[in-house]
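Shown next, in structure tokens, is the structure this report addresses.
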Amino acid sequence: CLALAAAIGFFVLRGDPLDMGAAPPGRGAERTGALVVAGGLALVGCVLIATLLAVVERFRARAASRPVSAPMRTWSIFVWLVSWLGASVVAQALVSQDRWSGLVPVFHLLAVAIPVFLLVRIATAGIAGGSRLRLWGSISSGMVLSTGLAMLVEFSLLLLSAIVGFLYLVINPEQAVALQHLATRLQEISTPSDAVNLVGKSLTSPGALVTALAIVAVITPVIEELAKSVPAWLISDRITAAGQGLWVGALAGAGFALVEGILVSSDATYGLGYILVLRAGSSLMHILSGALSGLGIGAMRGGGGRGRVAI
């Protein structure tokens, strides 16, 4: 991850790292997005290195410390919130300034990472969830394993849908002709309003609305929630209490939220500050749902029965 991040950064910043004004229209946004992704890869690489060091510590048979974070003070929470909002505002202000747009990735990454850190810090305060290996392992599993599984399953479903659609068109050639005719008409349209008028009825049909609702509200959330629970399931035989499961699940959800937040917002330019602020809500959802999944797994392992997981 670090090598890939360095390679991306090298090719993007071969010129002046701060001056992107010479880039063609739209090119500056692409370079900024690439730097954000490179920073995200570097962050994942650092977490993986921390996990590796914890593994080495375990193999050396050193006493495994069990980190317990104290509850955050009100003033500390306030400082972190101000820092997060400030990073979002600065990122929004600089994204339209060609001379300083090279600094956008720094504030962009801070605006994504700060709320994740703050939320997971609050969620795990006072809980003795396990060793440093379990801490870093949970975060890195959420970053790499959970996001990778979710993307793999979603891509597989997308590919399957494409295959089913292709077979449907083969069986019903008149539908293929209608789609080709629609594509030809869309190419002839010069204004977005005309395009909306042309395909509006199809997009607002009951079948299209039900399909979109099923994808957004059912299929995607189920895939992501199952993926985020994988780290807790992998070590469920070593989880002995509900609090430990909550701790692992919240950390895995934080890793998932961090990677998703970076990837989703990396190509944002217009309204970047608003997008970064809204990402905090998604981070809250991922951490909370991951913690609840882990809580159920921990409760089951602690003698609560399999019903706790279902609940």
Side-chain angles (χ1 to χ4, degrees), residues 43 46-48 50-51 53-55 57-58 62-85 110-143 145-146 224-225 227-261 279-305 307-311:
L43 183 59
C46 290
V47 172
L48 292 177
T51 305
L53 293 176
V55 171
E57 182 183 57
R58 175 63 62 87
R62 295 183 179 178
S65 58
R66 301 174 70 87
V68 179
S69 56
M72 298 186 71
R73 297 181 181 274
T74 303
W75 67 265
S76 179
I77 296 176
F78 178 77
V79 169
W80 281 109
L81 286 174
V82 171
S83 301
W84 161 55
L85 292 174
L110 287 174
V112 173
I114 288 176
V116 173
F117 166 78
L118 180 60
L119 290 168
V120 77
R121 181 72 170 74
I122 294 173
T124 59
I127 300 177
S131 64
R132 294 189 182 278
L133 175 57
R134 182 177 293 182
L135 184 152
W136 290 112
S138 298
I139 298 174
S140 59
S141 296
M143 282 181 161
L145 180 61
S146 295
E224 292 185 353
E225 299 318 312
K228 281 183 290 186
S229 68
V230 168
W233 279 114
L234 289 177
I235 61 169
S236 60
D237 59 331
R238 293 189 289 275
I239 294 177
T240 58
Q244 292 182 3
L246 183 149
W247 191 79
V248 172
L251 291 171
F256 188 98
L258 193 58
V259 172
E260 184 191 73
R279 287 306 311 170
S282 298
S283 298
L284 173 62
M285 182 271 294
H286 287 310
I287 294 172
L288 179 60
S289 59
L292 290 175
S293 298
L295 179 66
I297 295 171
M300 179 194 71
R301 296 299 302 175
R308 294 292 184 88
V309 179
I311 293 175

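The analysis underlying the following values was restricted to heavy atoms, covering all of them including side chains, and did not include hydrogens, waters or symmetry mates. This structure is a prediction, so every number in the text was calculated from the model and none was measured.
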Problem set entry | Test log, rule side-chain contact (heavy atoms from CB on, under 4.5 Å), inputs V47 and L258 | CA-CA 12 Å; V47 172; L258 193 58; over 6 Å; no
Exercise. Where is the tightest heavy-atom contact between L133 and A54, given as atom of each residue plus distance?
Worked result: CA-CB, 3.6 Å
Seminar exercise, completed: Residues G298 and I239: closest non-hydrogen pair is CA-CG2, 3.7 Å
Exercise. Can you check whether A227's main-chain N or O pairs, donor with acceptor, with S146's side chain at less than 3.5 Å?
Worked result: yes
For this session: Looking only at non-hydrogen atoms, find the nearest pair between T51 and S140 and report the distance.
Result: OG1-OG, 3.3 Å
For this session: Among L246, L135, I287, find the residue that satisfies the side-chain contact (heavy atoms from CB on, under 4.5 Å) test when tested with L251.
Result: L135
For this session: Compute whether any side-chain donor of one residue and acceptor of the other, for K228 and S289, lie under 3.5 angstrom apart.
Result: yes
Problem set entry | Donor-acceptor contact present, side-chain R134 to main-chain G129, <3.5 Å | yes
For this session: Assess whether atom CZ of F117 is packed by more than 12 heavy atoms of other residues, nucleotides or ligands within 6.0 Å.
Result: yes
Problem set entry | Spacing of S283 atom OG and I114 atom CD1 [to the nearest 0.5 Å] | 12.0 Å
Problem set entry | Heavy-atom pair with the smallest gap, counting every atom of P71 and A125 | CA-CB, 3.7 Å
For this session: Side-chain contact test, heavy atoms from C-beta onward, threshold under 4.5 Å: evaluate it for F78 versus V82 and give yes or no.
Result: yes
Exercise. Taking atom CD of E260 and atom NE2 of H286, what is their separation to the nearest 0.5 Å?
Worked result: 3.5 Å
For this session: Rounded to the nearest 0.5 Å, what's the gap from CZ on R121 to OG on S76? Could you check?
Result: 7.0 Å
Exercise. What residues, two or more places apart in sequence or in another chain, satisfy side chain to side chain contact (heavy atoms under 4.5 Å, CB included) together with L81?
Worked result: I77, W84, L118
Exercise. Ignoring hydrogens and geometry, is there a side-chain-to-backbone donor-acceptor pair from T124 to W247 under 3.5 Å?
Worked result: no
Seminar exercise, completed: Taken to the nearest 0.5 Å, the spacing of M143 CE from I139 CD1 works out to 7.0 Å
Exercise. Within the distance-only criterion (no hydrogens, no angle test), does the side chain of Q244 pair as donor or acceptor with the backbone N or O of T240 below 3.5 angstrom?
Worked result: yes
